[in-house]
Asker: 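To start, I am sharing the structure in question, which I have written as C-alpha cells.
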Amino acid sequence: MLTRRAALALSLAALAAPALAESPKIPVVASFSIIGDFLREVGGDRVSVTTIVGPDGDAHVYQPSPADGRRIAQAKVIFVNGLGFEGWLERLISVAKTKGTVVTLGKGVAARKDEEGADPHAWQDVANAKIYVNEIRDALVAADPEGAESYRANAAAYLAKLDALDAEIVKTLDAIPTDRRRVVSTHDAFGYFSARYGVEFIAPQGVSTESEASARDIARIIDAVKQHKVGAVFLENVADPRLAKRIAAETGARVGGMLYSDALSDAKGDGANYIDMMRHNVRELAKALTP
Ligand code: ZN
C-alpha cells in the first residue's frame, strides 16, 4: 500500500504532466493588436500569441520594455506591419537576438506613398486585411508544417467573413450621398479606407503621430472645414481627443464619436477584434453622415 506522502507525490506528478494529445503551442509575436487578432484567427489553438502594442495603444510612438525583448527572443515567428509603422521595432529585434523568423506583412499591398513617406495603415481596407491573412497563413504553414491543414481551414473561414464584412461596408456607405462623405480625423490613418470606400478624411496630423500637428496644420484644417461641408470631426482611440475637440469648437462642426484607427479596443469595448472594429467605425460614420 502507498504511504500518504507517496500517493500525494503521484497525484502531483499527474497534475504536472501534460495531457498526451497536447503538443506545445508555437510561440508567435504580433507587433500590434490588429495583427494579433489575425494571428489568433489563423493560428487557432496551435499558436500562443503575444501582442506587443496592445488595445488602444499607439504603435507609432511605442516605447518597448525589456519584457518585449524577451518575448521576441522566445518567438518562433514575429509578425510586423512595416511601412514605417513600428519605427522602434528593428532595434528591439536586433537587440533581442532572436532565432525566430521576422515576417513583414503587407508585401502584396499596393502601398500609398507621398512626400512624407509610406502610409502604414493598410488594414483599413479589408482587401489588404485579406492579404495580411494570406501571408500569415503561409508563414505559419512554413513554421509548423504539421498544422498546415488547420491553418488553411482557419484562414479560409476567416477570409469568407472578411469578404462579407467588405460587402457590408460598401453597402452601408454607398447609401450615403457622395457629397456628404467628408469627415475630419486626428491623424491621417484612413487613406486606404478612403480609397476603397469613398469617404474623404482630412486630418491635421500626418500618417504618423510622431510629430505633433503644427499651428499651420491646424489652421489649414479649420479653413478646410469652414469651406467644405464636413459631416463630423472624429476622435480616435489612439489619439489625444483635445485636437479634434478644438477643431470642432472653432468651426462649429459636430464631434462625431470615436474611430478605431491603429488599435483594437480592450475585450470589453466594441472593437475587440478586427471585424467588430471595422463595423464600429462604419456605424459611427454612417450615423454622422446620413442625411
Ligand atoms: Zn496611425
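Residue numbers start at 1 and run along the sequence shown. Atoms within each ligand, like the ligands themselves, are counted from 1 in listed order. All values below come from the heavy atoms of this structure, side chains included, with hydrogens, waters and symmetry mates left out.
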Asker: Taking side chain to side chain contact (heavy atoms under 4.5 Å, CB included) as the definition, give me every residue that meets it alongside Ala213, ordered by chain and number, with sequence neighbours left out.
Answerer: Pro204, Gln205, Asp217, Ile218, Leu243
Asker: Asp262: which N/O/S atom is nearest the Zn ion (ligand 1)?
Answerer: OD2
Asker: When you compare the side chain of Tyr151 with that of Asp138, does any pair of heavy atoms fall below 4.5 Å?
Answerer: no
Asker: Ion pair present between Lys76 and Asp144, side-chain N to carboxylate O less than 4.0 angstrom?
Answerer: no
Asker: Do the charged groups of Arg242 and Asp240 touch, with an N to O distance under 4.0 Å?
Answerer: yes
Asker: Quick check: of its N, O or S atoms, which one does His60 have closest to the Zn ion (ligand 1)?
Answerer: NE2
Asker: Counting backbone and side chain alike, does Asp58 bring an N/O/S atom below 2.8 Å of the Zn ion (ligand 1)?
Answerer: no
